Amino acid sequence: MWRGPMTGVSKATCGKCCRSCPRAAPERMSSRAFASMPAAGCVRTVIQLCWLVFMVIALWGGMRFAAAQTATPPARSLPLSQLKSGLHYSGKDVQALQADEFANPAQLWLSQGAQAWAQPSAANGKSCVSCHGAVATSMKGVATRYPAIDAASGRLFNLEDRIHQCTTRHQQAAGLQPESDVLLGLTLLVTQASKGMPLRVDVGGAARDHWQAGATLFSQRQGQMNLSCAQCHDQNFGQRLYTDLLSQGQPNGYPVYRLEWQKPGSLERRLRSCYAGIRAETPPWGALEMRQLALYLMWRGEGLPIEVPHRRAGCALWPLRRARP
């Protein structure tokens, strides 16, 4: 068996086929013999270094991804200290009606919501009370967190979506139509349980991309009038458009009773009215972009207290919808 250097020695000279011989039978070498060679040590060192570099890169990439998911959102166009709800821009008569719970017409829908909360389903006899109990305690703080990601489906839900899902999944009842009196009543009832609590939505994790999409929509010019949400509600709030003062477009009073509607309406309905007011293509009911925009608005109004049942006058953009070119 070979036990020394093989310099100048070939297989023909030696005439043997030892397993440990690097020149006579390299295809038959044992791994231990290969590892003992100086060249093999170099190869082993290179492999270890490559593996170390790979692990460092993987760790760095993971840290960058985690930082991107938890990164602080960009600076706000409206500082939190300057936020004002829509009630601030309403007239004295509207503010007085808002303060009088008995005179506020939205109380009729609140009563319908309380009745629907306790109404057993014809399909399985379950009601909202069966699962949640008293709305004032079990729903406290819920409205401040929506829109939010649904853990089961991964979709972005607003509060109406959640109520609709509970009705169909747990009560096995027919779905509630958008802007129906029952859905508006239940949404008002659940939102009222958080009255006075500050808005506090989660825009991290899976909601991050939705929040970014909503921020883009808010600043994007649209429609024949080539206007964006930001031009009215960030740059010109407090200015008068026709007979109305432009507000900051805060969402803390929805569902809101508007005189032009003669009933309460959701934030989605209000956003659709704005789309029509600037003569832009209105998204269909339930569109994802409406929920993304709502998520951004709730983040934008973070800290404002929930004010329901809220009452507002007519729409500042109503004359624009009636105008002709």
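Quick caveat, the model's predicted, so the values are computed rather than measured. Below, all heavy atoms of this structure are taken into account, side chains as well, without hydrogens, waters or symmetry copies.
- Shown here are the ring-ring contact (aromatic ring centres under 6.0 Å, His included) partners of H132, two or more places apart in sequence or in another chain: W117.
- One hydrophobic cluster, built from ILVMFWY side chains closer than 4.5 Å, holds both Y275 and L288.
- Under a hydrophobic clustering in which Ile, Leu, Val, Met, Phe, Trp and Tyr are joined whenever their side-chain heavy atoms come within less than 4.5 Å, directly or via other members, M298 and I149 fall into the same cluster.
- Under the side chain to side chain donor-acceptor pair (under 3.5 Å) criterion, N158 pairs with no residue, sequence neighbours left out.
- The list of ring-ring contact (aromatic ring centres under 6.0 Å, His included) pairs with a residue in residues 212-236, not counting sequence neighbours, reads F218-Y296.
- When hydrophobic clusters are built by joining Ile, Leu, Val, Met, Phe, Trp and Tyr residues whose side-chain heavy atoms come closer than 4.5 Å, directly or via intermediates, L87 is not grouped with L80.
- Looking only at atom types and distance, the side chain of E179 has a donor-acceptor partner in the side chain of S266 under 3.5 Å away.
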Chi angles and distances behind the side chain to side chain contact (heavy atoms under 4.5 Å, CB included) call for K84, Q250 = CA-CA 8 Å; K84 299 183 185 300; Q250 301 294 353; over 6 Å; no
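- L83 is connected to Y89 through a chain of hydrophobic side-chain contacts under 4.5 Å among Ile, Leu, Val, Met, Phe, Trp and Tyr, so both are in one cluster.
- The number of heavy atoms from other shown groups lying within 6.0 Å of CD (Q262) is above 12.
- Between H210 and L295, the shortest heavy-atom distance links the atoms CB-CD2, 4.0 Å.
- The line from CG of N252 to CG of L304 is 5.0 Å long, rounded to the nearest 0.5 Å.
- Listed for the N236 side chain is a donor-acceptor partner under 3.5 Å among the backbone atoms of Q231.
- Heavy-atom neighbours of K126 NZ from other residues, nucleotides or ligands within 6.0 Å: at or below the threshold of 12.
- Under the 6.0 Å distance and 45° angle rule, R272 counts as a cation-pi partner of W285.
- Counted within 6.0 Å of CD on Q235, heavy atoms from surrounding residues, nucleotides or ligands total more than 12; the atom is thus considered enclosed.
- Contact record, Q82 with Q248: O-NE2, 3.0 Å, taken as the closest heavy-atom pair.
- Taking CD from Q292 and CG from L297, the interatomic distance works out to 12.0 Å, rounded to the nearest 0.5 Å.
- Residues L259 and L110 share a single hydrophobic cluster, defined by chaining ILVMFWY side chains whose heavy atoms lie under 4.5 Å apart.
- Side-chain atoms of L78 and R300, non-hydrogen and from C-beta on, do get closer than 4.5 Å to each other.
- Proximity of a side-chain donor or acceptor of R145 to a complementary backbone N or O of V201 within less than 3.5 Å is not detected.
- In this structure the side chain of Y146 never reaches within 4.5 angstrom of the side chain of R291, judged on heavy atoms.
- Across T168, T187, L189, V182, a single residue satisfies side-chain contact (heavy atoms from CB on, under 4.5 Å) together with I163, and that is T187.
- Taking 4.0 Å as the cut-off between side-chain N and carboxylate O, E307 and K195 do not count as a salt-bridged pair.
- Under the rule for a salt bridge (Lys or Arg N to Asp or Glu O under 4.0 Å), D209 has no partner lying at least two apart in sequence or in another chain.
- The two atoms that bring G303 and P198 nearest to each other are O-CB, 3.5 Å, heavy atoms only.
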query = Taking it one step at a time, do R269 and R258 satisfy side chain to side chain contact (heavy atoms under 4.5 Å, CB included)?
reply = CA-CA 11 Å; R269 181 177 181 181; R258 296 185 68 88; over 6 Å; no
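- The heavy-atom pair separating V135 from V190 by the smallest distance is CG2-CA, 4.3 Å.
- When all heavy atoms of G301 and L199 are compared, the pair lying nearest together is O-CD1, 3.6 Å.
- No side-chain donor from either of Q220 and Q222 sits under 3.5 Å from a side-chain acceptor of the other.
- Nearest heavy atom pair, residue D150 against residue Q165, reads OD2-NE2, 3.8 Å.
- Atom NZ of residue K263 and atom CG of residue L184 lie 5.0 Å apart, to the nearest 0.5 angstrom.
- Remark: side-chain polar atoms of N104 are paired, donor with acceptor, to backbone N or O of P309 under 3.5 angstrom.
- Rounded to the nearest 0.5 Å, atoms CG (D234) and SG (C229) are 9.0 Å apart.
- To the nearest 0.5 Å, the span separating OG on S273 from CD1 on I278 amounts to 11.5 Å.
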message = Is there a side chain to side chain contact (heavy atoms under 4.5 Å, CB included) between L245 and Q239? Walk through the geometry before answering.
response = CA-CA 6 Å; L245 286 176; Q239 303 297 318; over 6 Å; no
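- For the pair S121 (side chain) and Q171 (backbone), a donor-acceptor distance under 3.5 Å is present.
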request  = Could you please spell out the steps behind the side chain to side chain contact (heavy atoms under 4.5 Å, CB included) verdict for L186 and L176?
outcome  = CA-CA 10 Å; L186 283 170; L176 301 175; 4.1 Å; yes
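- Here the side chain of S194 pairs a donor or acceptor atom with the backbone of G141 at under 3.5 angstrom.
- Between D161 and R155 there is no salt bridge, since no side-chain N of the basic residue sits under 4.0 Å from a carboxylate O of the acidic one.
- Sorted by first then second residue, the ring-ring contact (aromatic ring centres under 6.0 Å, His included) pairs that include residues 150-191, not counting sequence neighbours, number zero.
- Residue S127 holds its OG atom at 8.5 Å from CD of Q119, rounded to the nearest 0.5 Å.
- Applying the ring-ring contact (aromatic ring centres under 6.0 Å, His included) rule to F237 yields no partners; only residues at least two apart in sequence or on another chain are considered.
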